[in-house]
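Below you'll find the structure, written out as structure tokens, and then a few comments.
Quick caveat, the model's predicted, so the values are computed rather than measured.
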Amino acid sequence: MACGQHLTVPSDVTMESRLPKIYPDYTEVTIPVNICPLNFAVQEGETDAMARFTFPGGEFIYGEGQKVLIDEEQWKEMLESAKGKEIKVEVFAKVNGAWKGYQPFNIYVAEYSIDEYISYRAIQPSYVAYERLSINQRNLTNFDEQEIYNNMSVSSEKVGQCINCHSYKNYKTDNMLFHMRQGYGGTMLVSNGELKKIDLKTDETLSAGVYPSWHPTHNLIAFSTNKTGQSFHTKDLNKIEVQDTESDLILYDVDKNEVSIISELDDELEVFPTWSPDGKKLYFCSAHFEYYNDSIEKSAEMIQRYKEVKYSLYSADFNPDTKEFSNVEMVYNAADSLNQSVTLPRVSPDGKYILFSQAEFGCFHVWHADADIYMMDLKTKEVQKLDAVNSERSESYPTWSSNGRWIMVDSRRDDGNYTRPYIAYFDKNGKAHKAFMLPQKDPNFYTFYLRSFNRPEFMVEPVKITPQEFAAKAKEDAIPAKYADK
């Protein structure tokens, strides 16, 4: 790597009155004080480029062909020196044999750190390739990445497996879960460090648990139970439509291994539960939908009418000691008032805001190009579209860092096909700043990585159980959950 000791800015430079074209776009972003280096490629000229980073403690210059690869120790020095301030970046590129300079930009260094880890499902964006995927964890302070679990460790030609919906209690990994479908199916559950495999399907419930949310203070998990299906478009921009044909809400008591019903209304599709930080309120999405054609299966009718499904945001009060729900109320009437659909709500750690994805219809907004991230102030009930976070393509799966200063979303803004994590600073005044792509050691990584980053989640620590331990437990029989009739 070339750095300040070896490079000098060219003396004969023609200046351009615009920002440079760099990938990923890190111009004028606000970043955590502990983030890994923001390496980028300069998309100007032929082969040579460099960038000068000026910070309160001095300057460094980097350039390796068209890539700007930052020394990790020097980057830490820059971040610490520029904490609460900014780093000035000047880019130079050789174009047609002559050097050009571009309008400088700033990288603002927030005083706040970000959770050290994220995890995500690495999956090819194709229905036929879902049996080859993994759940990975990535250290945000450097470029280290490991697999949490790879379904190929238990798959064979005859036995395939899908894995999804990894989730953590209070951002820690001693209490976590993910689901396994088809071969060796069950819910992989870690409770206080102990690994179990649970079958959450009972005779009284619609399905096993699907979309989870851990209660913050008690050993309870809220799930939706769903019967879903997929249909495929040949012309529509949204290539796949995931239909929520039937869905209810259940509560799982981890200590008692008991499932109970939260809500199972006939004409309501209830999905995506999420707790408030104090655990005294459960938010969820629900769509009113009445089937009227008794001559065909519900799934067939849903394929014909899927654009009619529009979810609004609801809440219910909860007593953690008695495990009783009450006072169900509509929080945001997206369906009737706006003719829109909201999904994937997540409450901020301070309980002041709730993020959600909003689009024209449906529950699976990762495939919807019109899906954007919105935020409600839970005190004033004011809703705003987070323009700094959104793009012209799909944004979904919003989530908060544990300190509430960072928002992460899944975005397809780059090419419309692959979801990638974008992170945005959320300041103490409730304002979201420009989102930036998860940095990689090689800035061209995303060009060649043919997998999506699905359901990115923050973690304050890595998963301690090894992939081999998960694989061994996956091959065991699942422990059946009991049904608790209230």
Open item on the list: Checking side-chain polar atoms at under 3.5 Å, does Asn39 have a donor or acceptor matched by the opposite partner on Gln440?
Closed with: no

Task: Residues Ser401 and Tyr112: side-chain donor-acceptor under 3.5 angstrom - done: no

Task: Contact check, side chains of Phe453 and Ile118, non-hydrogen atoms, under 4.5 Å - done: no

Open item on the list: Do Asp410 and Tyr120 pair up side chain to side chain, a donor and an acceptor below 3.5 Å, judged on atom types alone?
Closed with: no

- [ ] Check the side chains of Tyr171 and Asn403 for a donor-acceptor pair under 3.5 angstrom, ignoring hydrogens and angles.
- [x] no

Task: Which atom of Arg393 lies closest to which atom of Asp372, heavy atoms considered - done: O-OD1, 4.3 Å

Open item on the list: Before you tell me yes or no, could you show the steps for Phe55 and Phe60 under ring-ring contact (aromatic ring centres under 6.0 Å, His included), namely the whole-Å CA-CA distance, both residues' side-chain angles and the distance that decides it to 0.1 Å?
Closed with: CA-CA 9 Å; Phe55 57 102; Phe60 292 117; 5.5 Å; yes

Open item on the list: Using ring-ring contact (aromatic ring centres under 6.0 Å, His included), reason through Phe178 and Tyr149 one step at a time and then give a plain yes or no.
Closed with: CA-CA 10 Å; Phe178 61 86; Tyr149 176 68; 5.3 Å; yes

Open item on the list: Can a donor-acceptor pair be found, under 3.5 Å and without considering hydrogens, that links the side chain of Ser394 to the backbone of Val366?
Closed with: yes

Task: SB check Asp174 Lys464 (cutoff 4.0 Å) - done: yes

TODO: Using only heavy-atom distances, determine whether the side chains of Ser411 and Glu395 contain a donor-acceptor pair under 3.5 Å.
DONE: yes

Task: Validation row: Leu438, Met408 side chains within 4.5 angstrom (heavy atoms) - done: no

Open item on the list: Do Pro10 and Met50 have side chains that approach each other closer than 4.5 Å (heavy atoms only, starting at C-beta)?
Closed with: yes

Task: Validation row: Ser119, Ile148 side chains within 4.5 angstrom (heavy atoms) - done: yes

Open item on the list: Counting only heavy atoms from other residues, nucleotides and ligands, does the tally under 6.0 Å from NZ of Lys88 exceed 12?
Closed with: no

Open item on the list: Assess the residue pair Glu73 and Lys76 against the criterion (salt bridge (charged side-chain N to carboxylate O under 4.0 Å, His left out)); give the C-alpha distance rounded to whole Å, side-chain angles, the decisive distance to 0.1 Å, and a yes or no.
Closed with: CA-CA 5 Å; Glu73 291 304 315; Lys76 291 178 183 178; 3.7 Å; yes

Task: Trace of the side chain to side chain contact (heavy atoms under 4.5 Å, CB included) decision for Ile70 with Met78 - done: CA-CA 11 Å; Ile70 305 166; Met78 282 191 271; 3.9 Å; yes

Open item on the list: Would you say Tyr374 and Gln340 are linked by a side-chain donor-acceptor pair, where the criterion is simply a distance under 3.5 Å?
Closed with: no

Task: Side-chain heavy-atom pair Ile61, Val9 within 4.5 angstrom cut-off - done: yes

Open item on the list: Check this for me: Lys441, atom NZ, are more than 12 non-hydrogen atoms of other residues, nucleotides or ligands nearer than 6.0 Å?
Closed with: no

- [ ] For Lys100, look at atom NZ and say whether over 12 heavy atoms of other residues, nucleotides or ligands are found less than 6.0 Å away.
- [x] no

TODO: Give, for atom CD1 of Ile87 and atom CD1 of Ile31, the distance between the pair rounded to the nearest 0.5 Å.
DONE: 5.5 Å

- [ ] Grab the two heavy atoms, one from Phe223 and one from Val210, that are nearest each other, plus how far apart they are.
- [x] CD2-N, 3.8 Å

- [ ] Could you check Val89 against Tyr26 for side chain to side chain contact (heavy atoms under 4.5 Å, CB included), going step by step and ending with a plain yes or no?
- [x] CA-CA 10 Å; Val89 183; Tyr26 294 134; over 6 Å; no

- [ ] With sequence neighbours left out, write down each residue that passes ring pair (Phe, Tyr, Trp, His ring centres under 6.0 Å) with Tyr425, or none if nothing qualifies.
- [x] Trp406, His433

Open item on the list: Rounded to the nearest 0.5 Å, what separates atom CE in Met188 from atom CG in Leu195?
Closed with: 5.5 Å

TODO: Check step by step if salt bridge (charged side-chain N to carboxylate O under 4.0 Å, His left out) holds for Arg346 and Glu457.
DONE: CA-CA 11 Å; Arg346 299 295 284 268; Glu457 296 282 351; 3.0 Å; yes

- [ ] Scan side-chain atoms only and decide if Asn136 and Ser134 contain a donor-acceptor pair under the 3.5 Å cut-off.
- [x] yes

TODO: Would you please indicate if the ring centroids of Phe426 and Tyr353 are separated by under 6.0 Å?
DONE: yes

- [ ] Would you mind reporting whether Arg18 and Tyr102 have side-chain heavy atoms less than 4.5 Å apart?
- [x] yes

Open item on the list: In terms of relative ring orientation, are Trp75 and Phe53 parallel, tilted or perpendicular, with 30° and 60° separating the classes?
Closed with: perpendicular

Open item on the list: On a heavy-atom basis, which atom in Leu7 and which in Gly63 lie closest, and how many Å separate them?
Closed with: CD1-N, 3.3 Å

TODO: Flag the pair Trp99 / Asp48 as yes when at least one side-chain heavy-atom distance between them is below 4.5 Å, and no otherwise.
DONE: yes

Open item on the list: What's the separation between atom CD in Glu28 and atom CG in Asn106, rounded to the nearest 0.5 Å?
Closed with: 5.0 Å

Open item on the list: If you apply the rule side chain to side chain contact (heavy atoms under 4.5 Å, CB included), what do you find for Lys172 with Val460, and how did you get there?
Closed with: CA-CA 6 Å; Lys172 297 181 179 180; Val460 296; 3.7 Å; yes

TODO: Show your reasoning for whether salt bridge (charged side-chain N to carboxylate O under 4.0 Å, His left out) applies to Asp350 and Lys428.
DONE: CA-CA 11 Å; Asp350 60 9; Lys428 60 184 179 181; over 6 Å; no

Task: Main-chain N/O of Ser396 paired to His368 side chain as donor or acceptor, under 3.5 Å - done: no

TODO: Going by the side-chain contact (heavy atoms from CB on, under 4.5 Å) test, name the single residue among Lys67, Arg52, Gln74 that passes it with Tyr62.
DONE: Gln74

Task: Nearest heavy-atom neighbours spanning Leu79 and Val33 - done: CD1-O, 3.3 Å

Open item on the list: Let me confirm one number: the CG-OG distance from Leu133 to Ser452, rounded to the nearest 0.5 Å.
Closed with: 11.5 Å

- [ ] Start with the C-alpha gap between Ile407 and Ile373, add the side-chain angles, then the distance that decides, and say whether side chain to side chain contact (heavy atoms under 4.5 Å, CB included) holds.
- [x] CA-CA 10 Å; Ile407 293 170; Ile373 304 303; 5.6 Å; no

- [ ] Measure the acute angle between the ring planes of Phe445 and Tyr449, then classify it against the limits of 30° and 60° as parallel, tilted or perpendicular.
- [x] parallel

Open item on the list: Side chains of Lys473 and Lys197, heavy atoms from C-beta outward: is any pair under 4.5 Å?
Closed with: yes

Task: Distance in Å, His179 NE2 paired with Cys162 SG, rounded so as to fall on 0.5 Å steps - done: 10.5 Å

Open item on the list: Take a 6.0 Å sphere around CD of Glu392 and say whether it holds more than 12 heavy atoms from other residues, nucleotides or ligands.
Closed with: no

Open item on the list: Salt bridge check, Glu16 against Lys21: does any charged N sit closer than 4.0 Å to a carboxylate O?
Closed with: no

- [ ] State, to 0.1 Å, how close Ala478 and Ile198 come at their nearest heavy-atom pair, and which atoms those are.
- [x] CB-C, 3.9 Å

- [ ] Supply the atom-to-atom distance Lys431 NZ to Thr30 OG1, rounded to the nearest 0.5 angstrom.
- [x] 9.0 Å

Task: Within 45° cone of Tyr422 ring axis and under 6.0 Å: Arg413 NZ or CZ - done: yes

- [ ] With ring-ring contact (aromatic ring centres under 6.0 Å, His included) as the test, would you mind laying out the steps for Phe272 and Tyr311 before giving the verdict?
- [x] CA-CA 11 Å; Phe272 298 126; Tyr311 295 81; 7.4 Å; no

Task: Polar side chain donor-acceptor pair, Lys227 to Ser299, under 3.5 angstrom - done: no

Task: Which atom of His365 lies closest to which atom of Ser341, heavy atoms considered - done: CE1-O, 3.2 Å

